[in-house]
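Read the numbers this way: they start at 1 and go in the same order the structure lists the ligands and their atoms.
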Amino acid sequence: MAPKLLEIKDLTVGFLTDKGFVKAADRVSLSLEKGQTLCVVGESGSGKSVTSLAVMRLIDYAGGVIAEGEIKFHGDELTNKPQDEMMRIRGNRISMVFQDPMSALNPVFTVGDQIAETLRIHKQMNAREAWNKAVDMLRLVGIPDPEVRAGQYPHELSGGMCQRVVIAMALACDPELIIADEPTTALDVTVQAQILELLQKLKRELKTSILLITHDMGVAAEMADRIAVMYAGAIVEEGTAEEIFERPRHPYTLGLLQSIPGLTGERGTTLYTIRGGIPGIGDLPAGCRFNPRCPHAKERCFREEPPLLPTPDGHRSACWLESGPEVKTS
Ligand SMILES: Nc1ncnc2c1ncn2[C@@H]1O[C@H](COP(=O)(O)OP(=O)(O)O)[C@@H](O)[C@H]1O
Ligand SMILES: [Mg+2]
């Protein structure tokens with residue numbers, strides 16, 4: 001069997017603090033097949049960015065440590081690769097799109113030059129070839145007058161246009177995987193929808209695989225083939241988008257789903273608001289990490305941590321509840 005595009009197994013990533021080593025991602029396992037979109041969903045602080053930075057090995061520069069686990073890209077182990085080898089992978093075979101396009105672009109170079117630079121480094125193109133390809137990429141991501149826009153600086157473009165430029169840059173070397181960490185969070189709602197539509201189109205036409213990080217279940221609903229729900233450093237539920245939306249098992253997933261207006265009936269009729277907030281890393285309760293906020297927690301949940309186990313319909317959930325939470329509509 002051919003190895004998966006991306007296979008993460010028991011990945012533990014953390015930081016050395018005055019409390020000792022604290023885990024921001026705790027035995028995370030995820031896998032992504034070619035041409036698919038995997039959404040990692042969870043509230044802010046759940047370890048999504050830390051996990052994605054670990055895949056790129058950029059976590060090394062953020063003060064983080066990969067303590068355990070495997071990250072296999074086409075079967076090739078990334079966790080112990082020297083950074084000079086990672087530099088050949090980053091931006092070339094795996095690209096990243098961050099939340100804030102302005103911080104991803106260099107203000108003193110034209111956007112065309114920035115895309116061309118990536119192509120010169122990774123694809124050894126000469127200046128003219130790289131420039132022409134940069135213009136083509138701007139056209140591909142839907143930027144009007146790409147010949148003119150290529151010669152402009154980031155501040156001359158709107159936020160949405162800049163995010164298109166970042167996506168063009170991420171795609172320039174024809175990567176097999178794009179990791180997009182909250183790519184639309186900094187944009188206003190209409191532009192958000194346009195960027196999501198662009199990612200869908202690129203996935204369809206270029207068959208690029210996407211690891212999409214979002215705090216927004218609505219975004220996952222539109223984009224995901226598979227969904228992994230992350231809470232306080234751990235994957236608590238994982239399955240196809242259909243399984244997660246139709247037959248959620250974990251109370252946290254249900255809470256996230258019910259935060260989407262209109263998804264589970266009239267707004268206000270399905271009162272299942274998740275109380276409280278996410279615990280800080282190094283501050284986890286005993287037993288299930290969700291127990292302080294769970295309306296169904298019972299004795300065992302305070303004692304033993306639930307492993308991620310298969311549910312009756314074949315996806316995975318980490319919860320001791322036997323039947324799974326009910327969606328109450330009265
Ligand atoms: N450089 C760092 N040093 C210490 N803790 C960090 C660092 N970066 C992130 N964290 C902590 O790791 C946890 C997960 O963060 P993050 O992955 O950014 O969450 P998310 O992307 O899901 O919002 C948070 O509690 C955050 O405070
Ligand atoms: Mg984040």
Non-hydrogen atom of Gly47 closer than 4.0 Å to ligand 1: yes
Lys133 and Glu129 ion-paired at < 4.0 Å: no
Nearest neighbour in protein (non-hydrogen) for atom 20 (P) of ligand 1: Gly45 N, 3.4 Å
Heavy-atom side-chain proximity of Ile244 to Met217 below 4.5 angstrom: yes
Closest to atom 17 (O) of ligand 1 among Ile59, Val50, Thr214 (heavy-atom distance): Val50
Taking atom 12 (O) of ligand 1 as the reference point, the nearest protein heavy atom with its distance: Ala24 CB, 3.4 Å
Per-atom contacts of ligand 1 with Ala62, taking only distances under 4.0 Å to non-hydrogen atoms: 1 (N)
Ion pair Asp76/Lys81, N-O distance below 4.0 Å: yes
Pair Glu68 + Arg27: basic N to acidic O under 4.0 Å: no
Contacts of the Mg ion (ligand 2) with protein N/O/S atoms, counting only those under 2.8 Å: Ser49 OG
Close approach, Ser46 and ligand 1, non-hydrogen under 4.0 angstrom: yes
Minimum heavy-atom distance Ala318-Ile235, with the two atoms named: CB-O, 4.4 Å
Atoms of ligand 1 close to Ser44 [distance to a heavy atom under 4.0 angstrom, numbered from 1]: 23 (O)
Atom 18 (O) of ligand 1 [closest protein heavy-atom partner, distance rounded to 0.1 Å]: Ser49 CB, 3.7 Å
Beyond-backbone contact of Glu182 with Lys48, side-chain heavy atoms, under 4.5 angstrom: yes
4.5 Å side-chain heavy-atom contact, Ile143 and Met137: no
Check: His250 ring centroid to Phe290 ring centroid under 6.0 Å: yes
Under 3.5 Å: N/O of Lys48 near N/O of ligand 1: yes
Top protein contact for atom 11 (C) of ligand 1, by heavy-atom distance: Ile281 CD1, 3.6 Å
Flag: protein heavy atom within less than 4.0 Å of atom 27 (O) of ligand 1: no
Top protein contact for atom 10 (N) of ligand 1, by heavy-atom distance: Phe15 CE1, 3.5 Å
Glu176 vs Lys34 side-chain heavy atoms within contact, under 4.5 Å: no
SB check Glu85 Arg88 (cutoff 4.0 Å): no
Pair Lys203 + Asp225: basic N to acidic O under 4.0 Å: yes
Residue pair Asp188, Thr190: steps toward the side-chain hydrogen bond (donor to acceptor under 3.5 Å, both in side chains) verdict: CA-CA 6 Å; Asp188 72 52; Thr190 7; 3.2 Å; yes
